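Note sheet for the following structure.
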There are 2 protein chains.
Amino acid sequence: MKKKEELSEEALEMIASRFRLLSDPMRLKILHTLGDQEMNVTDLVGATGAGQANVSKHLGIMLGAGIVSRRKEGLNSIYSVSDETIFELCEVVCSRLKKQLETRQNALSGAF
Amino acid sequence: MKKKEELSEEALEMIASRFRLLSDPMRLKILHTLGDQEMNVTDLVGATGAGQANVSKHLGIMLGAGIVSRRKEGLNSIYSVSDETIFELCEVVCSRLKKQLETRQNALSGAF
DNA sequence: TAACTATATTACTTTATAGTTATATTCGTA
DNA sequence: TACGAATATAACTATAAAGTAATATAGTTA
């Protein structure tokens, strides 16, 4: 029954926003560093080499979007990835990029 | 054999850039409008309601990134989506967003 | 309570980019 | 060849967001 529906501005904005979350190298680095572990902010700062305020801000943004979760333990904030689809998305993108580069290499293979 | 490899800055930037392409509502609208068809710029302008220069610019960006392709026919530039993974990514995001909103609704269901 | 530690937030600067207007380019046609 | 149409591009403006330094907040410990 579903035909080519017109996507509402609101829907487009929600989807775009989710992609926007992933469009920053530092956030990807944080997510990749987290992986399936729990880590506090200080350790993430050490692992990523970014500034504390910057890491904290990125985590706050991702927390708000519901892709990481936080639990407090004393002074520490311990974060983990709560949205596993993130990694699925990254894999799809990464595979596609590899294939694309491979195709380009082949296109040049006979030339000069 | 693959351990938790450190992702290079370059790799992170490439992946982030791909997500950045999808982080704009107008580009998503263009991609969704295209679907599996071929369309020229004028028709896309009509279908999206955006300005000609704007549509043209977005198409140029996506062409450069290899997610749409272009063929010329007389005065027309006819575009189509050349990277089907785009739709896969959008579906994953969209499903996840739905589930997330559903969860939030349930969280409020007993309250007041 | 005072000092310390971990995290969050605020204010600011800088950069990237979306949209727009005007113009250039390219091809078709009278 | 001159004109018109479709698309691309350049220049500009406005906005959003990343990074940073300074500060606030909250828990911990001497």
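All chains are named by letter (A, B, ...) in the order of the sequence lines, taking the proteins before the strands, and each is independently numbered beginning at 1. The shown structure was predicted, so the numbers you read here are calculated from the model rather than taken from an experiment.
Remark: B/Glu84 pairs with no residue by the salt bridge (charged side-chain N to carboxylate O under 4.0 Å, His left out) rule, at least two apart or across chains. Shown here are the salt bridge (charged side-chain N to carboxylate O under 4.0 Å, His left out) partners of B/Glu10, two or more places apart in sequence or in another chain: there are none. Every residue was checked against the side-chain hydrogen bond (donor to acceptor under 3.5 Å, both in side chains) condition with A/Lys57, not counting sequence neighbours, and none meets it. In this structure B/Gln105 satisfies the side-chain hydrogen bond (donor to acceptor under 3.5 Å, both in side chains) test with no other residue, sequence neighbours excluded. A/Arg70 is linked by a salt bridge (charged side-chain N to carboxylate O under 4.0 Å, His left out) to nothing, counting only residues two or more places apart in sequence or in another chain. Taking the side-chain hydrogen bond (donor to acceptor under 3.5 Å, both in side chains) definition, one finds that A/Ser23 meets it with nothing, sequence neighbours left out. Residues satisfying the salt bridge (charged side-chain N to carboxylate O under 4.0 Å, His left out) test with A/Asp83, not counting sequence neighbours, are A/Arg18, B/Arg96. Here A/Asn54 pairs with A/His58 under the side-chain hydrogen bond (donor to acceptor under 3.5 Å, both in side chains) rule; sequence neighbours left out.
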#### Entry: Letter per nucleotide, 5' to 3', of nucleotides 10-23 of chain D [B base touched, S only sugar-phosphate touched, - untouched; heavy atoms, 4.0 Å]
-------SBBBBB-
### Message
Does the protein touch nucleotides 25-30 of chain C at the base, only the backbone, or not at all? Give it as B, S and - per nucleotide, heavy atoms under 4.0 Å.
### Response
-BBS--
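Taking atom CG of residue B/Leu22 and atom P of nucleotide C/dT17, one finds them 14 Å apart after rounding to whole Å. We find that CE of A/Met39 is positioned 15 Å from C1' of C/dA6, with the value rounded to whole Å. Going from atom CG of A/Asp43 over to atom C1' of C/dA6 covers 11 Å, rounded to whole Å. B/Arg71 has its CZ atom 15 Å from the C1' atom of D/dT7, to the nearest Å. Taking atom NZ of residue A/Lys72 and atom P of nucleotide D/dG27, one finds them 8 Å apart after rounding to whole Å. Per the geometry, CG belonging to B/Leu44 stands 12 Å off C1' belonging to D/dT7, to the nearest Å.
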### Message
Let me check I have this right: for DNA chain D, each base becomes ., (, ), [, ] or |, based on Watson-Crick or G-U pairs with both distances under 3.5 Å. What is the full string?
### Response
||||||||||||||||||||||||||||||
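OP1 or OP2 of D/dT7 lies within a sub-4.0 Å distance of a side-chain N or O belonging to B/Asn76. The shortest distance between the side-chain N/O atoms of B/Tyr79 and the OP1/OP2 oxygens of D/dA6 is not below 4.0 Å. Distances shorter than 4.0 Å separate none of the side-chain N or O atoms of B/Arg70 from OP1 or OP2 on D/dT7. Not one side-chain nitrogen or oxygen of A/Ser77 sits closer than 4.0 Å to the OP1 or OP2 atom of C/dA6.
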Can I get a per-line list of side-chain donor-acceptor pairs under 3.5 Å for residues 60-68 of chain B, giving both atom names and the distance, sequence neighbours left out?
none

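A/Val81 and B/Leu97 fall within a single hydrophobic cluster, where Ile, Leu, Val, Met, Phe, Trp and Tyr side chains are chained together by heavy-atom contacts under 4.5 Å.
The shortest distance between side-chain heavy atoms of B/Val41 and B/Asn76 does not fall below 4.5 Å.
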